[in-house]
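Reading through the structure tokens given below for one structure.
In what follows, residues are counted from 1 in the order of the sequence shown.
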Amino acid sequence: MAANMSTTDETTGEDEAGSGLTTPERILGLGMGFWGSKTLLSAVELGVFTELAKQPLTLADLEDRLGLHARGARDFLDALVALGMLRRRDGLYSNSVDTGLFLDRSKPSYIGGMLELSNDRLYGFWDSLTEALRTGRPQSEIKAGGEFFEVLYGDPEQLRKFLHAMTGVSLGAAMVLAARFPWDRYHTFIDIGCAEGVLPVQVAHQNQHLSGGGFDLAPVGPIFDEYVSSAGLRDRLQFHAGDFFNDPLPSADVLVMGHILHDWDLEEKRMLIRKAYEALPAGGALIVHDTIIDDDRRENAFGLLISLNMLIETEGGFDYTGADCRGWLAEAGFRDSYVQHLVGPDSIVVGFK
């Protein structure tokens, strides 16, 4: 049988060779996409990329060091090569440029914490997406009567792991926000729901005239202080302990809410925006940072999928469009606002008091 040399347009399913045929490859690729996803997640769990960051290794070396059974090891590693996650040359496996930078646990650029969290929790929860779609109910710890944040904040080690995961997923957008927002017009800023403090650190590094800090629940404080101290910024960044539902927000020229609003239902979103408005001085700004969905709800697939993840994870959370957020800002009293793309699926909505 002659090989079929045509390719398929990934957005339409139509044959690119001009035959006019519509093929199922796009549908099958998406439907079976969990194969590649779980292969990557297991590689992170096993420490493949951290081990290869030390030196390139043979198949036998990796079987020995990672405790892999010979039956699946070669297919597993070669699948990672085919997926672009590893390289193989002369029988030696090595990291690709991006996995070597972002999936080596020994590097400060490590983002694998989010993948570890996904592997440990979300992968299993998403097995119940159909139930969530039929019932509107979360499929996370809440389903069994638990509450993720209560459990998390009561376990220092798990809290540290979670906050580090948030740093990994936020680092790129934080760097862009620190560079692009007109910080020269302001003197102080506070990151509401600051986690380890990746955004305050990036903003302070790139804007030497600014001082500020982060606001989060009290157990986050020591982890924030440690992260900020490692960046040499303790003299300019301070931690403010509090609960943004029950306590007033700290005042500063600029308040930032990064990956916060999507956790909550509509009335909670509006309430948090009102509290930010009340805490800001005249002329101050609120920066809302999330995977903002495009207004036509056609392009930002990642944002839409995160909104489904909020269905899985929370009682009422959802992601939203820039137009949605601008409407909430106007309702709270903000005189003007705009939407700006940052990087990847992430954008900001900025409101001015």
Side-chain angles (χ1 to χ4, degrees), residues 147-150 152-153 163 166 170 173-174 177 181 183 185-200 203 210-221 224 237-293 306-307 310 313-340 346-353:
E147 208 288 315
F148 174 59
F149 286 111
E150 288 182 6
L152 178 70
Y153 279 78
L163 296 179
M166 294 303 100
S170 301
L177 178 54
F181 184 75
W183 296 103
R185 303 176 189 175
Y186 304 98
H187 300 286
T188 59
F189 73 100
I190 298 287
D191 184 16
I192 306 299
C194 58
E196 275 190 322
V198 64
L199 177 69
V203 171
L210 287 173
S211 62
F215 177 85
D216 214 315
L217 296 174
V220 176
F224 177 93
L237 298 176
Q238 305 301 317
F239 182 77
H240 303 262
D243 179 335
F244 53 51
F245 283 121
N246 298 312
D247 299 316
L249 299 184
S251 182
D253 297 338
V254 179
L255 296 180
V256 183
M257 290 184 176
H259 299 298
I260 295 297
L261 289 187
H262 75 167
D263 287 332
W264 311 104
D265 67 28
L266 180 56
E267 287 311 308
E268 290 165 329
K269 285 175 168 64
R270 286 172 165 156
M271 181 270 290
L272 290 172
I273 290 172
R274 286 195 302 269
K275 292 185 76 167
Y277 182 85
E278 293 165 0
L280 286 166
L286 170 64
I287 302 173
V288 176
H289 165 216
D290 253 323
T291 49
I292 307 293
I293 299 168
I306 284 191
S307 199
M310 293 301 102
E313 286 267 49
T314 70
E315 291 279 6
F318 63 92
D319 283 74
Y320 47 89
T321 68
D324 292 333
C325 190
R326 294 187 70 194
W328 304 329
L329 292 171
E331 290 172 1
F334 287 90
R335 59 180 170 81
D336 195 12
S337 63
Y338 67 86
V339 181
Q340 182 179 1
D346 287 2
S347 297
I348 55 172
V349 183
V350 182
F352 299 97
K353 182 172 178 178

Do [X] and [Y] come close enough that some side-chain heavy atom pair is under 4.5 Å?
X: His262; Y: Ile306; result: yes
X: Phe224; Y: Cys194; result: yes
X: Asp253; Y: Pro281; result: yes
X: His289; Y: Met257; result: no
X: Leu261; Y: Val288; result: yes
X: Gln340; Y: Val350; result: no
X: Asp290; Y: Asp346; result: no
X: Phe244; Y: Ile260; result: yes

Non-hydrogen atoms of [X] and [Y] that approach each other most closely:
X: Ser337; Y: Leu329; value: CB-CD1, 3.9 Å
X: Leu280; Y: Ala285; value: CD2-O, 3.5 Å
X: Thr314; Y: Gly317; value: OG1-N, 2.8 Å
X: Pro250; Y: Ala279; value: O-CB, 3.7 Å
X: Asp247; Y: Gly242; value: OD2-CA, 3.4 Å

For [X] and [Y], indicate whether the former's side chain and the latter's backbone hold a donor-acceptor pair under 3.5 Å.
X: Arg274; Y: Ala332; answer: no
X: Lys353; Y: Gly333; answer: no
X: Asp216; Y: Ala195; answer: yes
X: Ser211; Y: Thr188; answer: no
X: Lys269; Y: Phe318; answer: yes

Check your understanding: For the residue pair Phe181 and Tyr186, is the inter-centroid distance of their aromatic rings smaller than 6.0 Å?
Key ->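 Ring centres of Tyr186 and Phe181 closer than 6.0 Å.
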Check your understanding: Centres of the Trp183 and Phe189 rings: under 6.0 Å?
Key -> yes
**Study point:** Lys/Arg-Asp/Glu bridge criterion (N-O < 4.0 Å) met for Glu267, Arg270
**Key:** yes
Point to revise | ring-ring contact (aromatic ring centres under 6.0 Å, His included) involving Tyr277 - partner list, sequence neighbours excluded | key: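 Scan of Tyr277 (ring-ring contact (aromatic ring centres under 6.0 Å, His included), adjacent residues dropped) gives Phe334.
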Study note, to complete from the structure: Residues passing the ring-ring contact (aromatic ring centres under 6.0 Å, His included) test with Trp328, sequence neighbours excluded, are Tyr320
Quick check for you: to the nearest 0.5 Å, what is the distance between [X] atom [atom1] and [Y] atom [atom2]?
X: Phe215; Y: Gln238; atom1: CZ; atom2: CD; value: 15.5 Å
X: Asp265; Y: Met271; atom1: CG; atom2: CE; value: 9.0 Å
X: Ile293; Y: Cys325; atom1: CD1; atom2: SG; value: 11.5 Å
X: Asp324; Y: Ile292; atom1: CG; atom2: CD1; value: 9.0 Å
X: Asp336; Y: Phe352; atom1: CG; atom2: CZ; value: 7.0 Å
X: Ile190; Y: Leu199; atom1: CD1; atom2: CG; value: 11.0 Å

Exercise for review: May I have the step-by-step check of side-chain contact (heavy atoms from CB on, under 4.5 Å) for Ile348 and Leu177, ending in yes or no?
Suggested key: CA-CA 9 Å; Ile348 55 172; Leu177 178 54; 3.9 Å; yes
Exercise for review: Answer yes or no on whether Lys275 is positioned over the face of Phe245, meaning its NZ or CZ is under 6.0 Å from the six-membered ring centre and within 45° of the axis.
Suggested key: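 Negative - Lys275 is either too far from the ring of Phe245 or too far off its axis.
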Check your understanding: Are side-chain N/O atoms of Asp319 and Thr291 paired as donor and acceptor at under 3.5 Å?
Key ->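 There is such a pair (donor and acceptor under 3.5 Å, judged by atom type) between the side chains of Asp319 and Thr291.
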Exercise for review: Decide side-chain contact (heavy atoms from CB on, under 4.5 Å) for Val220 and Leu163; before the verdict, give the C-alpha distance in whole Å, the side-chain angles of both, and the deciding distance to 0.1 Å.
Suggested key: CA-CA 8 Å; Val220 176; Leu163 296 179; 3.9 Å; yes
